[in-house]
Amino acid sequence: MGRRQSDPEATLCSTPVLFLVGLFSCSLVFAFLSVVLKPNAPSSFSEMESLATVEQSKVESDGGCCRGIENLELWGAAVKWGSEFKFNSSEECCQACKGMCSGTDGPCLCDSWVFCGNKEACGSKFGECWLKKQKDTLSPERQEKGETVSWTSGIIFGRGEGIVGLETPYGTLHIKLLPDCAPHSVAYILELLPLRHCAGCQFYRAESRGESWDSEGNHIKDASFGPPFALVQGTLEAQGATFKELPTEFCPTLKRGSVAWIGSGPEFFISLANHEEWKKEYTVFASVLPEDMHIAETIAQLPTTANVWNNINVSVLEKPVPLTLRRIKTSHG
């Protein structure tokens, strides 16, 4: 898809590239042999890919993952006391919290969970699952954080909760955060929310669906997969704020409206199409509400200039579009 070019001499490194190509080819051969020789392994790359696709479909169809942040203890009013409520894994604790959501018509009775999963460090507290309720889920109360903390914590957003705004001159894109799938990514977004201005945050690349994807994001048969690549790309690194690279988290098949990091961030993009061809490549940490996708489409139609990043043809906005993160005071969707 292309990362913004940062090294003007990158195209001069032909010799190292040829060496890496050769090394990569050897790696493929080794990987293939490793698969063939491994007991009970799939017999071909296509079979492996098929198994991965089935597993990913399962994750996407049931609402997914249930993840938290290790070495973090969240505070808050307890709705289930961990001393009397124990599980074998953080996932089970997270699912118990999700189970206290009222489904389609209201907030969650539990919106945060804390689990002690290190037998040695937790001692008698091992397995304790504390289900809690925050005063403000967009600013969860933190008790302790660091390597000495034996707890794992996560937050849950119910219907109409966990929605923040990407404010632009063309309208506000309301995005639903996915803390149960990408907790580290969401924690970073929540850190940006208190900033009155996100100086430096902007969209700088915009490419329409062209003739390759229809208005619902479906790929048109026999059409190319770009360019244009059906996306708007930008950065969420605020000037003056220290950015720490984010870990790879939930990487599903990209759908129209997916909001994902490029690499470890802070560069990100909003997908205007279903990109099945980009399997498990990008951490998805949010999704744009369907009724706001017209704003992203508007940005994708703004004047651009052609450029080349790492041998990929891209369209760069003539005038970058500034954006600011905003709390959404009322329930939106």
Side-chain angles (χ1 to χ4, degrees), residues 48-74 80 85 87-104 107-118 127 129-132 134 137-138 140 151-164 175-191 245-265 268-271 274-276 278-289 333:
M48 288 178 66
E49 185 178 60
S50 176
L51 289 173
T53 302
V54 169
E55 189 65 25
Q56 187 59 56
S57 298
K58 180 181 177 182
V59 169
E60 292 176 358
S61 64
D62 66 10
C65 25
C66 232
R67 304 179 182 182
I69 297 177
E70 295 182 354
N71 308 125
L72 170 66
E73 182 182 2
L74 292 179
K80 284 280 188 181
F85 197 62
F87 289 105
N88 293 320
S89 69
S90 60
E91 289 82 4
E92 291 176 292
C93 183
C94 173
Q95 290 291 355
C97 186
K98 277 189 175 182
M100 296 185 72
C101 291
S102 54
T104 60
C108 294
L109 298 178
C110 166
D111 56 25
S112 54
W113 55 270
V114 181
F115 177 77
C116 204
N118 185 318
C129 172
W130 291 78
L131 304 186
K132 302 184 177 186
Q134 298 292 322
T137 52
L138 292 180
W151 300 91
T152 296
S153 298
I155 56 177
I156 301 295
F157 290 136
R159 181 175 175 82
E161 300 175 325
I163 296 172
V164 299
I175 64 172
K176 172 80 172 183
L177 298 174
L178 306 174
D180 45 348
C181 288
H184 292 275
S185 300
V186 171
Y188 174 68
I189 298 299
L190 297 186
E191 288 177 8
E245 288 190 351
L246 296 163
T248 300
E249 298 186 281
F250 184 52
C251 296
T253 301
L254 287 163
K255 302 295 184 183
R256 176 174 165 83
S258 293
V259 187
W261 298 118
I262 299 172
S264 301
F268 79 107
F269 67 95
I270 296 173
S271 179
N274 302 322
H275 283 293
E276 286 85 357
W278 294 344
K279 292 180 180 177
K280 296 192 173 185
E281 288 292 329
Y282 305 99
T283 292
V284 173
F285 62 90
S287 59
V288 178
L289 299 192

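Throughout, residue positions are numbered sequentially from 1 according to the sequence presented.
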| said: Which residues pass the side-chain contact (heavy atoms from CB on, under 4.5 Å) test with Asn88, not counting sequence neighbours? | reply: Glu92
| Are any side-chain N or O atoms of Lys176 and backbone N or O atoms of Glu161, one a donor and one an acceptor, separated by less than 3.5 Å? | yes
| Is there a side-chain contact between Phe157 and Leu138, using heavy atoms and a 4.5 Å cut-off? | yes
| query | Taking only residues two or more places apart in sequence, or in another chain, which ones meet Glu249 in a side-chain hydrogen bond (donor to acceptor under 3.5 Å, both in side chains)? | reply | Ser185
| said: I need the Leu178 CG to Asp180 CG distance, nearest 0.5 Å. | reply: 6.5 Å
| query | Under 3.5 Å, side chain of Ser90 to main-chain N/O of Phe115, donor-acceptor pair present? | reply | no
| request: Return the set of residues passing side-chain hydrogen bond (donor to acceptor under 3.5 Å, both in side chains) with Trp151 (not counting sequence neighbours), or none when no residue passes. | output: none
| task | On the 0 to 90° scale, with breaks at 30° and 60°, tag the Trp261-Phe285 ring pair as parallel, tilted or perpendicular. | result | parallel
| remark: Heavy atoms of Thr152 and Trp113 approach each other most closely as O-CZ3, 3.6 Å
| query | How long is the span from the OH atom in Tyr282 to the OG atom in Ser258, to the nearest 0.5 Å? | reply | 12.5 Å
| said: Taking side-chain contact (heavy atoms from CB on, under 4.5 Å) as the definition, give me every residue that meets it alongside Glu276, ordered by chain and number, with sequence neighbours left out. | reply: Thr253, Lys255, Asn274
| task | Show your reasoning for whether side chain to side chain contact (heavy atoms under 4.5 Å, CB included) applies to Thr283 and Leu246. | result | CA-CA 10 Å; Thr283 292; Leu246 296 163; over 6 Å; no
| Looking only at the SG atoms, are Cys97 and Cys108 under 2.5 Å from each other? | no
| query | For Ala286, which residues count as a side-chain contact (heavy atoms from CB on, under 4.5 Å) partner, sequence neighbours excluded? | reply | Ile175, Leu177, Val259
| Partners of Gln134 by side-chain contact (heavy atoms from CB on, under 4.5 Å), sequence neighbours excluded? | Leu74, Asp111, Ser112, Thr137, Pro140, Glu141
| remark: Closest heavy-atom pair, Leu72 versus Ser153, reported as atoms and distance to 0.1 Å, is O-OG, 2.7 Å
| query | Where is the tightest heavy-atom contact between Phe269 and Ile262, given as atom of each residue plus distance? | reply | CD2-CG1, 3.7 Å
| So how far is it from His184 NE2 to Thr248 OG1, rounded to the nearest 0.5 Å? | 11.0 Å
| request: List in chain and number order the residues that pass ring-ring contact (aromatic ring centres under 6.0 Å, His included) with Phe87, two or more places apart in sequence or in another chain; answer none if no residue qualifies. | output: Phe85
| field | Partner set under salt bridge (charged side-chain N to carboxylate O under 4.0 Å, His left out) for Arg67, not counting sequence neighbours | value | none
| Which value, rounded to the nearest 0.5 Å, describes the distance between Lys80 atom NZ and Cys93 atom SG? | 11.5 Å
| request: Report yes or no: is the SG-SG distance between Cys101 and Cys110 under 2.5 Å? | output: no
| field | Distance-minimising heavy-atom pair for Cys65 and Lys98 | value | O-NZ, 3.1 Å
